[in-house]
Amino acid sequence: MINDTPRVRFAPSPTGYLHVGGLRTALYNYLFAKRNNGKFVLRIEDTDRNRYVEGAVENLINALKWCGLDYDEGPDKGGDYGPYMQSQRLEIYKEHALQLVENGHAYYCFCTPARLEELKKEQQAAKLPQAKYDKHCLSLSNDEVAAKLNAGEQYVIRLNVRPGQKVAFTDIIREYVEFDSNNIDDQVLIKGDGYPTYHLANVVDDHLMKITHVVRGEEWLSSTPKHVLLYDFFGWEKPIFAHLPLLLNPDRSKLSKRQGDVAVEDYRAKGYFKEALVNFVSLLGWNAGDDKEFYYLNELAEKFSLERVNKAGAVFDIEKLNWLNAEHLRAKDPADLLQTLKDELTAAGIGFTDKTDDYLKNVIAVMKERVSFVKEYIEKSPYFFLPVTSYDENSKLKNWNPDTGAQMTRLKDEFLKLGDSPVKEDYESALKNVAAELNIGAGKLIHPLRLSTSGMAAGPGVYDIPVVLGKAETVKRIEDAITRLQ
RNA sequence: GGCGCGUUCGUCUAGAGGCUUAGGACGCCGCCCUCUCAAGGCGGAGAUCACCGGUUCGAAUCCGGUACGCGCUACCA
């Protein structure tokens with residue numbers, strides 16, 4: 001099996017959205033598959049009917065696709081080992097559980113929830129190191145079991161764990177891990193409603209789907225011995241395990257909703273680029289061993305290895321994500337940002353039908369070094385999309401004195417003499433000329449020009465603003481400013 | 001409580017016995033650039049490598065213990 005092409009899977013339970021921790025798990029599986037010319041499978045673990053969430057699978061798939069994590073086989077895609085929804089494989093689990101019952105590796109249990117609860121209480125009261133099922137139903141004879149079954153009594157099927165054994169396995173990230181079977185409970189394999197538990201379903205499916213490497217979160221490490229036992233009881237070769245470190249809140253607890261956004265779609269809605277999110281998450285627990293931090297998905301796929309995944313949990317640092325988002329934004333061509341900007345303008349209720357694509361692309365180019373998110377184009381340079389309605393008070397006080405009106409009139413006239421579409425240098429030399437003529441420093445015109453055209457004290461280069469706005473609009477804004485500020 | 005896993009600057013990390021006066025990145029501070037704000041360049045502060053003991057000529061790196069953190073402990077995944 002190990003010599004076959006690697007096959008890995010991302011096996012989320014559809015809880016409604018894709019958690020960033022899940023994204024990291026999916027990403028590492030995807031990268032491992034790509035790096036090793038293997039297959040990446042999406043399997044939906046929907047064996048808990050109480051947790052059914054409408055539309056959850058669609059959301060999950062959409063989020064994965066948005067991130068660019070394409071899988072080779074999955075519920076909406078098919079494949080040779082389907083179906084890929086566990087709720088559609090119930091018969092398979094039942095058959096396998098029965099096979100285990102026949103071999104004596106599993107048994108029927110008819111204990112009621114009430115008895116189980118009582119048992120637990122007793123064990124806690126007796127201060128037993130751990131509460132486990134007491135194998136009460138293991139002593140039932142075949143006839144007794146048959147009778148109860150015939151009578152339609154509700155049952156579960158439990159794993160029959162023999163005490164006093166060492167259960168060990170190797171893990172790419174944790175190396176050697178060993179458990180004492182005394183600490184392993186007779187886990188329920190088939191629940192009262194006929195659905196399998198995660199433990200049975202994941203082992204059966206991983207085997208049937210020929211999964212070679214199980215790459216999942218560290219929260220599964222403690223239940224891996226149960227899975228190891230199952231592989232042994234079935235007589236199956238075990239996959240290679242790799243348990244990933246957890247993603248943490250700033251206070252180092254497991255990343256949770258309460259302390260910020262955890263869903264991929266939250267970050268998408270906030271305007272993060274998929275490239276930045278994927279890049280950031282890839283670095284939470286892995287690095288190539290060099291200083292490179294800016295990666296695209298295909299570059300990660302060339303360098304990724306499970307051996308270089310860290311053991312310790314990683315805090316999700318939003319500041320660094322923001323930085324990476326800015327880096328990815330700067331790396332993009334203005335044309336690639338155009339549609340996103342239009343979407344943001346629409347979302348902000350700002351019409352742009354009077355603006356050409358070239359106009360918007362100029363805005364994008366000129367502000368690129370100054371924003372981290374596309375929506376910041378609107379926040380930091382509204383004057384490119386809306387008229388100037390007010391002027392920065394500090395700049396007004398500092399840069400607009402009684403002489404400024406006349407000087408700006410002179411500048412405006414000089415601008416008027418320029419050709420139809422002046423370039424940066426044209427505006428610059430016009431301004432320099434006026435300053436020289438008036439015998440004043442260029443700053444006396446530069447700051448009022450910025451204030452007139454943008455109403456703000458910060459922004460792109462002063463001469464970039466008239467170029468983007470165009471001569472007519474620039475002149476109009478200067479005239480407006482003169483009447484309103486003088 | 002039991003079992004398991006983990007522990008290098010605030011955060012993400014490099015480091016796989018001598019190359020380390022522990023390197024990089026984010027964030028923070030300063031300087032330069034400059035019409036502003038950024039970006040960029042340069043520099044700075046920031047880690048007794050959790051602690052204790054052992055192995056070794058030599059340990060962040062190997063071993064043991066302790067502490068702390070996290071995970072699991074369901075007919076949830």
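To find a chain, count down the sequence lines: A is the first, B the second, and so on, and within it residues start at 1. Everything quoted here is computed from the prediction, not taken from an experiment.
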task = Could you state the atom-to-atom distance from NE2 of A/H19 to P of B/rA77 in whole Å?
result = 18 Å
message = Looking at A/K254, I'd like to know whether one of its side-chain N or O atoms comes within less than 4.0 Å of OP1 or OP2 on B/rC5.
response = no
Nearest-Å distance for atom pair CG/P, residues A/N182 and B/rG4 = 12 Å
request  = Using heavy atoms to find the nearest nucleotide of RNA chain B for A/E218 and A/D185 separately, return the residue whose nucleotide is more 5′.
outcome  = A/E218
key: Minimum-distance nucleotide to A/L284 side chain [options: B/rC37, B/rC12, B/rC75]   = B/rC12
inquiry  = Any base atoms under 4.0 Å from A/G192, or only sugar-phosphate, or nothing? Heavy atoms, all strands.
reply    = base
query = Does A/K120 have a side-chain nitrogen or oxygen under 4.0 Å from the phosphate oxygens OP1 or OP2 of B/rA74?
reply = yes
message = Over 60° means perpendicular and under 30° means parallel, so tell me whether A/Y231 and A/F241 are parallel, tilted or perpendicular.
response = perpendicular
Below 4.0 Å: OP1/OP2 of B/rU13 and any side-chain N or O of A/N287 = no
ask   = Between A/V161, A/N160, A/L100, which is the residue that forms a side-chain contact (heavy atoms from CB on, under 4.5 Å) with A/F233?
value = A/L100
inquiry  = In this structure, how many angstroms lie between the C1' atom of B/rC35 and the CG atom of A/L449, rounded?
reply    = 10 Å
query = Which of the following nucleotides, B/rU36, B/rA77, B/rC12, is nearest to the side chain of A/R51?
reply = B/rA77
request  = Report which part of the nucleic acid A/Y195 touches: base, sugar-phosphate, or nothing (heavy-atom distance under 4.0 Å, all strands).
outcome  = nothing
request  = For the residue pair A/F40 and A/Y71, categorise the inter-ring angle as parallel (less than 30°), tilted (30 to 60°) or perpendicular (more than 60°).
outcome  = perpendicular
inquiry  = Regarding B/rA25, can its base be found pairing with the side chain of A/K320 as donor and acceptor, where the two atoms are less than 3.5 Å apart?
reply    = yes
message = At 4.0 Å (heavy atoms only), tell me whether A/P196 reaches a base, stays on the sugar-phosphate, or touches nothing.
response = sugar-phosphate
ask   = Given atom CD of A/Q187 and atom C1' of B/rC72, what is their separation to the nearest angstrom?
value = 11 Å
remark   = Side-chain contact check for A/D317: nearest option of B/rU7, B/rU11, B/rC75 is B/rU11
task = Determine the contact category for A/G461: base if any of its heavy atoms lies under 4.0 Å from a base atom, sugar-phosphate if only primed atoms, P, OP1 or OP2 are that close, otherwise nothing.
result = base
ask   = Between B/rC3, B/rC37, B/rA77, which nucleotide gets closest to the side-chain atoms of A/R370?
value = B/rC37
request  = Could you give the distance separating B/rC70 and B/rU8 at their P atoms, to the nearest angstrom?
outcome  = 15 Å
task = Check every atom of B/rC3, B/rU36, B/rC75 against the side chain of A/H447 and return the nucleotide holding the closest atom.
result = B/rU36
request  = Decide yes or no, distance alone: a donor-acceptor N/O pair under 3.5 angstrom between the base of B/rC5 and the side-chain of A/R174.
outcome  = no
key: Touch class at under 4.0 angstrom, heavy-atom based, for A/P250 against every strand present   = nothing
query = Looking across every strand, which nucleic acid part, if any, lies under 4.0 Å from A/T47 by heavy atom: base, sugar-phosphate, or nothing?
reply = sugar-phosphate
task = Send over the distance from A/E45 CD to B/rA74 P, rounded to a whole Å.
result = 19 Å
key: A/T224 side chain near B/rG4 phosphate (N/O to OP1/OP2, under 4.0 Å)   = no
inquiry  = Counting the atoms with a prime plus P, OP1 and OP2 as sugar-phosphate, which does A/V315 contact under 4.0 Å by heavy atoms, base, sugar-phosphate, or nothing?
reply    = sugar-phosphate
query = Among A/F316, A/Y267, A/Y272, which residue meets the ring pair (Phe, Tyr, Trp, His ring centres under 6.0 Å) test with A/F280?
reply = A/F316
ask   = Does any nucleotide pair with B/rC33 by Watson-Crick or G-U wobble geometry, both distances under 3.5 Å, and what is it?
value = none
query = Heavy atoms under 4.0 Å, any strand shown: does A/R308 hit a base, just sugar-phosphate, or nothing?
reply = sugar-phosphate
Distance flag, aromatic centroids of A/W220 and A/Y198, threshold under 6.0 Å = yes
request  = Rounded off to whole Å, could you give me the CZ-to-C1' distance for the A/R216 and B/rC72 pair?
outcome  = 12 Å
inquiry  = Please classify the nucleic acid contact of A/E178 as base, sugar-phosphate, or nothing, using heavy-atom distances under 4.0 Å.
reply    = sugar-phosphate
message = Would you say that more than 12 heavy atoms from the other residues, nucleotides or ligands in this model lie under 6.0 Å from the CD of A/E118, or not?
response = no
key: Interatomic distance where CG belongs to A/N249 and P belongs to B/rG10 [whole Å]   = 19 Å
query = Checking all strands, does A/V177 fall into the base, sugar-phosphate, or nothing category for heavy-atom contacts under 4.0 angstrom?
reply = sugar-phosphate
task = Please work out which of the three classes, parallel, tilted or perpendicular, describes the rings of A/F294 and A/Y296, given edges at 30° and 60°.
result = perpendicular
key: Selected nucleotide, minimal atom distance to A/S223 side chain, candidates B/rC75, B/rU36, B/rA77   = B/rA77
Most 5' of A/Y198 and A/E327 on RNA chain B, judged by nearest nucleotide = A/E327
ask   = When we call it a touch if two heavy atoms are under 4.0 Å apart, what does A/S13 touch: a base, just sugar-phosphate, or nothing?
value = sugar-phosphate
ask   = When the C1' atoms of B/rA60 and B/rG18 are considered, how many whole Å apart are they?
value = 13 Å
task = For A/A312, answer base if it contacts any base atom (sugar-phosphate contacts may also be present), sugar-phosphate if it contacts only those atoms, and nothing otherwise; contact means non-hydrogen atoms under 4.0 Å.
result = sugar-phosphate
request  = Give a yes or no on this: more than 12 heavy atoms of other residues, nucleotides or ligands lie within 6.0 Å of atom CD of A/E178.
outcome  = yes
query = Got A/L98 and A/I157 here, is their nearest side-chain heavy-atom distance under 4.5 Å?
reply = yes
ask   = Given atom CG of A/L18 and atom P of B/rA77, what is their separation to the nearest angstrom?
value = 19 Å
message = Would you say A/N310 places a side-chain N or O within less than 4.0 Å of OP1 or OP2 belonging to B/rA14?
response = yes
task = Determine the interatomic distance between P on B/rC9 and the same-named atom on B/rG46; round to the nearest Å.
result = 14 Å
ask   = Among the nucleotides B/rC5, B/rC35, B/rG2, which one has an atom lying closest to any side-chain atom of A/I446?
value = B/rC35
ask   = Is A/R252 near enough to B/rG10 that one of its side-chain N or O atoms lies under 4.0 angstrom from OP1 or OP2?
value = no
ask   = B/rC72, B/rG10, B/rC35: which one has an atom nearest the side-chain heavy atoms of A/Y463?
value = B/rC35
inquiry  = The side chain of A/E293 is closest to which nucleotide in this list: B/rA77, B/rA25, B/rC12?
reply    = B/rA25
